[in-house]
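Taking it in order: structure first as structure tokens, then the write-up.
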Amino acid sequence: MQVSPSLLAADFSNLAKDIDMINKSDADMLHLDVMDGVFVPNISFGFPVMESVSKICTKPLDVHLMIVHPERWVGQVRDIGAGIMNFHQEACVHMYSLVQDIHNAGMKAAVTLCPSTPVDTLKDIIGELDMVLLMSVEPGFGGQKFIPHTLTKTEELKKLINKSGSSALIEIDGGVNAETAPLLAKAGADILVAGSYVFNAKDPISVISSLRKH
């Protein structure tokens, strides 16, 4: 199992300390939740913060854009050195074109689905994707309770990926902890995003290592 700790739950008064912890950990990447206050009812951080993070983080950046018009920001996401650009299906009309633009910029392309968006809406583009992120909480705020239906949805997505011959990985974001992680692993998840569970722990490095064992 891969682990992508979410910066949203870090201590923003001392980001360098938390990023140093991530660098020393077994984390596979760092998840960056960008919120615009329009697509989701919250505002997080933007490119100046991510650029600063990219200078000291040694892990690949997993940029999750919870914003309207994600197609406008491919160049800036690339310029901060992101490895993955992740956008919401619900915020994009021309997904195929955006996926091509992301790939042409040298990044992996990922699409996120909100809890109420069916998996089969990706059947015509799944072969072009490197990753699909399933939100297991409503996007916009950290610390929410895991939505149980995500397990069934993960199984459905895994079947779609296998049937299509796609190599897309399945990432889960929201409510990941010691109880939900093994269930998600069994359902077919490949990457777990964990925010509060990691950064609020007494020993975050051990928590990250434990998640990777699933």
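Along the sequence shown, the residues carry numbers beginning at 1.
Partners of Ser210 under the side-chain hydrogen bond (donor to acceptor under 3.5 Å, both in side chains) rule, at least two apart in sequence or in another chain, do not exist in this structure. Residues satisfying the ring pair (Phe, Tyr, Trp, His ring centres under 6.0 Å) criterion with His64, sequence neighbours excluded, are His31, His88. Contacts of Glu51 classified as side-chain hydrogen bond (donor to acceptor under 3.5 Å, both in side chains), with partners at least two apart in sequence or in another chain: none. Under the rule for a side-chain contact (heavy atoms from CB on, under 4.5 Å), the partners of Ser164 that lie at least two apart in sequence or sit in another chain are Ile126, Ser166. With sequence neighbours excluded, the residues satisfying side-chain contact (heavy atoms from CB on, under 4.5 Å) with Thr117 are Gln89, Glu90, Leu113, Cys114, Thr121. Checked against ring pair (Phe, Tyr, Trp, His ring centres under 6.0 Å), Tyr96 has no partners two or more places apart in sequence or in another chain. Partners of Glu71 by side-chain hydrogen bond (donor to acceptor under 3.5 Å, both in side chains), not counting sequence neighbours, listed by chain and number: His69. By the ring pair (Phe, Tyr, Trp, His ring centres under 6.0 Å) test, Phe45 pairs with Phe12, sequence neighbours left out. For Thr180, the side-chain hydrogen bond (donor to acceptor under 3.5 Å, both in side chains) partners are Asn177, not counting sequence neighbours.
Between Asp190 and the choices Gln2, Glu171, Lys158, the side-chain contact (heavy atoms from CB on, under 4.5 Å) rule is met once, by Lys158.
Checked against the 6.0 Å centroid criterion, the rings of Phe47 and Trp73 qualify as a close aromatic pair.
Annotation: side chain to side chain donor-acceptor pair (under 3.5 Å) contacts involving residues 14-23, sequence neighbours excluded, comprise Asp20-Lys24, Asn23-Thr58. Note on residues 190-214: no pairs pass ring-ring contact (aromatic ring centres under 6.0 Å, His included), not counting sequence neighbours.
Taking the side chain as every heavy atom from C-beta outward, Ile19 and Ile56 approach each other to under 4.5 Å.
Placement of Leu134 and Val63 within a single hydrophobic cluster is found when ILVMFWY residues are connected by side-chain heavy-atom separations under 4.5 Å, directly or transitively.
Under the 4.5 angstrom side-chain criterion for Ile, Leu, Val, Met, Phe, Trp and Tyr, the cluster partners of Leu169 are Met29, Ile84, Met131, Ile191.
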